[in-house]
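The sequence lines fix the lettering, A, B, ..., with proteins before strands; numbering per chain opens at 1.
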Protein chains: 2
Amino acid sequence: MNRILFEPAEIAGDLATFGGARAEHVRTVLHGEVGQILKTGELDGAIGTGEIVEMGESIRVRVRHTDVPLPPWVDLVLAPPRPRVLKRLLPQLATLGVGRIVLVGAKKVEKDFWGATLLKEEIYRPLLVDGLMQGCVSSRVPTLETRRNFRKFVTDELDARFPTANRLVAHPYGADGGGAANGAQSGAGRLLLAIGPEGGWTDEEVALLEAHGFARHSLGPRILRTDTATVALLAQLMPRL
Amino acid sequence: MNRILFEPAEIAGDLATFGGARAEHVRTVLHGEVGQILKTGELDGAIGTGEIVEMGESIRVRVRHTDVPLPPWVDLVLAPPRPRVLKRLLPQLATLGVGRIVLVGAKKVEKDFWGATLLKEEIYRPLLVDGLMQGCVSSRVPTLETRRNFRKFVTDELDARFPTANRLVAHPYGADGGGAANGAQSGAGRLLLAIGPEGGWTDEEVALLEAHGFARHSLGPRILRTDTATVALLAQLMPRL
């Protein structure tokens, strides 16, 4: 928790009031006391600092949010791994600067995934917020949507929703190597990255993505677990500033 | 489990016999039957294929291990995160091609870490083997050692144990950016990577590493959790072939 982020409703005027895990962190890790300055921010808003003005059951800080957060640099079309794995992955996606996540029903996604409680906003949103507070530089909560019909999503919706030409598709049994990635980094705009399920994309799925402008990107000869592969890809492609 | 790896003691002549989780995987995921060819290998030895000759309580395969596995390309000096996090990280390190892991007692490593049961070989070795079986291309089990006295290890032991000049130090509050990393990739030999604890290296620790030839490497403005940072660093630096 390198920056404390508040829901807009928690801020009144220039005063933010909060309890729970964030307050516990301020108390026990940061040893907060009145007058102390914290890194703070407003979810989906500006970031800056907050001065502790009251340490009670709740904590109150006077915020000064005048800095522009780093915007997301990448969106994901993700064939979801098992809920247990996705749960670990979501905060990391927020930390790494992902803007929009579309979970798609590729052939090898397990059918019972779509009933997971993790897909409820009250469950996944706190995980994403945790990831933002870890990353420290952004306040934009990634959006998460589901599209069980992969072909329909790619054919009918993808181009309108993601107008970038900067598109890469990755899967464990990779293809072209790092060439496409280098191209992707060089100022071609926000990246759209498609990541397959644990068992890989089918040939038809890769062909469909390629037909929609996705260039192949391989992580090399080692076969990575989906969550490892996702972090690895984002790390390879992210702008270093 | 993209390749089934055997302990040397499980192989007699050209026949390997095994049970447990690997046999369960062959049965339920690969739908193994007599005559079927599997990707197999011997831990710390050659890799190749195995033909199923018997499907009973145990499974028996006739192996033909004539291929050379990919060697490790990087070693880690790692200030360990909490055991729960390290436990998740270890298989990923094996998958990603790490050869030797030295866990060091940096200042911000929690003291009770060193009593963790995870540090027993019978606990951590199966995790590393799982990671190798996921990665599919290597059979070399990473070694794991502990050195609680960080300064003594770096001063007295590091140069003799790791004769490479290709050294990078990373920590969340980064420094130089990607320049060093590019240099590191270009054929300078096996890489030695130092990764700090959740709270970061102290200034003294970084200075000591720099005095021993470690160049700084930053992951950019986002502050990553130790496990995310470790995978991200390895992904950025690994040879793509």
Side-chain angles (χ1 to χ4, degrees), chain A residues 1-3 29 39 69-70 72-73 84-85 88-89 91-98 130-138 170 172-174 176-182 185 198-200 217-241, chain B residues 1-3 29 39 69-70 72-73 84-85 88-89 91-98 130-138 170 172-174 176-182 185 198-200 217-241:
Chain A
M1 216 177 278
N2 294 298
R3 182 179 301 277
V29 180
K39 289 179 183 164
L70 271 196
W73 59 274
R84 193 171 55 84
V85 177
R88 280 206 309 265
L89 191 54
Q92 300 181 81
L93 298 182
T95 302
L96 287 162
V98 173
D130 276 350
L132 288 177
M133 294 200 289
Q134 165 69 40
C136 196
V137 292
S138 178
Y173 306 88
D176 274 338
N182 298 332
Q185 283 181 296
E198 201 66 60
H217 177 71
S218 161
L219 278 162
R222 293 171 180 85
I223 303 178
L224 309 183
R225 257 170 29 200
T226 299
D227 54 334
T228 312
T230 304
V231 171
L233 278 161
L234 292 170
Q236 286 182 356
L237 301 169
M238 71 183 180
R240 309 277 186 91
L241 284 199
Chain B
M1 218 177 276
N2 295 298
R3 182 179 301 275
V29 179
K39 289 179 184 163
L70 271 195
W73 60 275
R84 192 171 56 83
V85 177
R88 279 205 310 264
L89 191 54
Q92 300 181 81
L93 298 182
T95 302
L96 287 162
V98 172
D130 276 350
L132 289 177
M133 295 200 289
Q134 165 71 40
C136 195
V137 292
S138 177
Y173 306 87
D176 275 338
N182 298 331
Q185 282 181 295
E198 200 67 59
H217 178 72
S218 161
L219 277 162
R222 294 171 179 84
I223 302 177
L224 308 183
R225 257 170 30 200
T226 299
D227 55 334
T228 312
T230 304
V231 171
L233 278 162
L234 291 170
Q236 286 182 356
L237 301 169
M238 72 182 179
R240 308 278 185 90
L241 284 201

Worksheet item: Are any of the side-chain heavy atoms of A/L224 and B/T95 separated by less than 4.5 Å?
Response: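 The answer is yes; the side chains approach within 4.5 Å.
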Worksheet entry | Sub-4.5 Å side-chain heavy-atom contact between B/R222 and A/L70 |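 Sidechains of A/L70 and B/R222: in contact.
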Worksheet item: With respect to chain A, which residue among B/A232, B/C136, B/G135 yields the maximal number of heavy-atom pairs within a distance under 4.5 Å?
Response: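 With the most close heavy-atom pairs to chain A, the winner is B/G135.
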Practice prompt. Just do the side-chain contact (heavy atoms from CB on, under 4.5 Å) check on B/Q134 and A/I223 with the steps written out, would you?
Written response: CA-CA 6 Å; B/Q134 165 71 40; A/I223 303 178; 3.7 Å; yes
Discussion item. Between B/M238 and A/L219, does the side-chain contact (heavy atoms from CB on, under 4.5 Å) criterion hold? Intermediate values first, please.
Written reply: CA-CA 9 Å; B/M238 72 182 179; A/L219 278 162; 4.1 Å; yes
Discussion item. Ignoring hydrogens, what is the shortest heavy-atom contact between B/Q236 and A/A235? Give both atom names and the distance.
Written reply: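 Distance-wise, the nearest heavy atoms are NE2-O, 2.9 Å.
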Worksheet entry | B/L96, part contacting chain A, at a heavy-atom distance under 4.5 Å |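 Both backbone and side chain.
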